[in-house]
Amino acid sequence: QATIAMHIGIPKEIKTNENRVSLVPAGAEALVSAGHTVYVETSAGEGSGFSDEQYVAVGAKILKTADEVWKEAEMIIKVKEPIAVEWPRMRKGQVIFTYFHYAADEKLTQAHIDSGAICIAYETVELPNGDLPLLIPMSEVAGRMAVQEGAKYLEKLYGGLGLLLGGVPGVAPANVVVLGGGIVGINAAKMAAGMGAKVTILDLSLPRLRYLSDVMPANVTMIYSNRHNVLEQIATADLVIGGVLIPGAKAPKLIRKDDLKLMKPGSVIVDVAIDQGGCVETIHATTHENPVYTVDGVIHYGVANMPGGVPRTSTLALTNATFPYALTLANKGWKKALKDDPALLLGLNVADGKVTYQGVADAFGMMFVAPETCL
């Protein structure tokens, strides 16, 4: 039960084609029964298949505008970072719990510093073993979806090579190269292998490669990642999936502009690392409406919120992971919640106008302040 009753706001997501919602009715019910008040902006859940009526039925209050939700709320729970129109709504001391991906955007970071808000980022909450529990479900969705999208853009209609990913008996399957054997990589490889493709995973970690070689089917090959091997693999690749992540920091550029000349015209790159700047030099963020563009004959897919395309699945997967943390923040207040949980403390990126996450400070040459000092 709550030591303090908190006003919690759930605004509707307003980024292009973002249909996820940060709290499902089941979560609202649990917060209300713990003694908190939940304010949901009207139709916030609709894109994920949750109606206003479902929220009202469990005791949440529906408000007509985002302004009202932000004004009422001591804690805002979102899916995506507040964009420019939302910045004036943020206020000093308000807790904002969402994906921020600051390292990829200096203006965004500065706006949150200026607001004085307490910004806790899903993507940097980190368990002692290095797992990122609030990024994992979305990485699983994006990794699996990368293959589905890549397979589609290999079709001739979209300018692709005109290949079926799995081939058929008597015809070779497509070559799928997966950069990074983390959560995105393992999920992409699993899907591609299941569809019958010939899959190669590149990773720097030998223990990871050993693990993957134990769990992956026979049509998946593990190769150590270095410049030479990356170039050799992309030269024969039909589909390349970028799944490289350095937590909270910009992604390393593994494929440079000149490297595209080595690739087949009509091959496809899906760069799942786009949220952190991408691991392909020529990638830039695209949307679900205009997902692809071509550079040197290679199709680039750079949708920055891939899970937003399958919001029903994504919302459920995301809130399964985020809700326990949201409940703790509400029940204990942010300072005590962070004091009690070192994993959640690592989620604190910006607080009271200070940058409290090393990767973000490094990205822009800003001063880093240890998060403990804010408690």
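Of the possible polar contacts, none joining the Thr98 side chain to the Tyr122 backbone as a donor-acceptor pair under 3.5 Å is found. The backbone N or O of Leu202 lies less than 3.5 Å from no partner atom in the side chain of Ser225, so there is not a single donor-acceptor pair. Judged purely by atom type and a 3.5 angstrom limit, Glu41 uses its side chain to pair as donor or acceptor with the backbone of Lys12. Formation of a donor-acceptor pair under 3.5 Å by the Thr315 side chain with backbone atoms of Val21 is found in this model. A donor-acceptor pair under 3.5 Å is absent between the side-chain atoms of Ser43 and the main chain of Glu46, judged by distance alone. Checked by atom type and distance alone, the side chain of Asp271 pairs as donor or acceptor with a backbone atom of Cys279 at under 3.5 Å. Tyr99 places a side-chain N or O within donor-acceptor distance of the main-chain N or O of Leu134, the cut-off being under 3.5 Å. Looking only at distances, no side-chain donor or acceptor of Asn349 sits under 3.5 Å from a matching main-chain atom of Ile120. Of the possible donor and acceptor atoms, one in the side chain of Glu281 sits under 3.5 Å from a partner among the backbone N and O of Lys257.
Between Thr200 and Asn175, the side chains place no donor N or O within less than 3.5 Å of an acceptor N or O (distance only, hydrogens not considered). Looking at Asp52 and Thr42, their side chains do bring a donor and an acceptor atom within 3.5 Å of each other. For the residue pair His300 / Thr282, a side-chain donor-acceptor distance below 3.5 Å is found, with atom types taken as modelled.
Under the 4.0 Å criterion applied to side-chain N and carboxylate O atoms, Asp214 and Arg210 are not assigned as salt-bridge partners. For the pair Lys71 and Glu68, the salt-bridge criterion is not met [side-chain N within less than 4.0 Å of a carboxylate O]. Ion pairing of Asp259 with Arg227 is present here, as a side-chain N (NZ or NE/NH1/NH2) and a carboxylate O approach within less than 4.0 Å.
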Anything under 3.5 Å between a donor and an acceptor, one on a side chain of residues 180-199, the other on a protein residue two or more places apart or in another chain? List them.
{"unit_1": "Asn187", "atom_1": "OD1", "unit_2": "Arg144", "atom_2": "NE", "d": "2.7"}
{"unit_1": "Asn187", "atom_1": "OD1", "unit_2": "Arg144", "atom_2": "NH2", "d": "3.2"}
{"unit_1": "Asn187", "atom_1": "ND2", "unit_2": "Ile183", "atom_2": "O", "d": "2.8"}

Under 3.5 Å, which donor-acceptor pairs link side chains of residues 359-375 to any protein atom two or more places apart or in another chain?
{"unit_1": "Asp362", "atom_1": "OD1", "unit_2": "Gln358", "atom_2": "NE2", "d": "3.0"}
{"unit_1": "Thr373", "atom_1": "OG1", "unit_2": "Ala370", "atom_2": "O", "d": "2.5"}

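Using a 4.5 Å cut-off on side-chain heavy atoms (C-beta onward), Asn226 and Leu204 make no contact.
Qualifying salt bridge (charged side-chain N to carboxylate O under 4.0 Å, His left out) partners for Asp341, counting only residues two or more places apart in sequence or in other chains: none. Take Asp352 and apply the salt bridge (charged side-chain N to carboxylate O under 4.0 Å, His left out) test, not counting sequence neighbours, and it matches no residue.
Annotation: Phe97 is not in aromatic contact with Tyr325 [ring centroid separation under 6.0 Å not met].
Heavy atoms from other residues, nucleotides or ligands lying under 6.0 Å from NZ of Lys61 number 12 at most.
Both Leu31 and Phe50 are assigned to one and the same hydrophobic cluster, defined by single-linkage of ILVMFWY side chains at heavy-atom distances under 4.5 Å.
The salt bridge (charged side-chain N to carboxylate O under 4.0 Å, His left out) pairs that include a residue from residues 16-34 are Glu18-Arg20, where partners are two or more places apart or lie in different chains. Contacts classified as side chain to side chain donor-acceptor pair (under 3.5 Å) and involving residues 72-94 (residues at least two apart or in different chains) are given here: Glu13-Lys78, Lys15-Glu81, Asp67-Arg89.
Once rounded to the nearest 0.5 Å, the distance linking SG of Cys119 with CD1 of Ile76 reads 11.5 Å.
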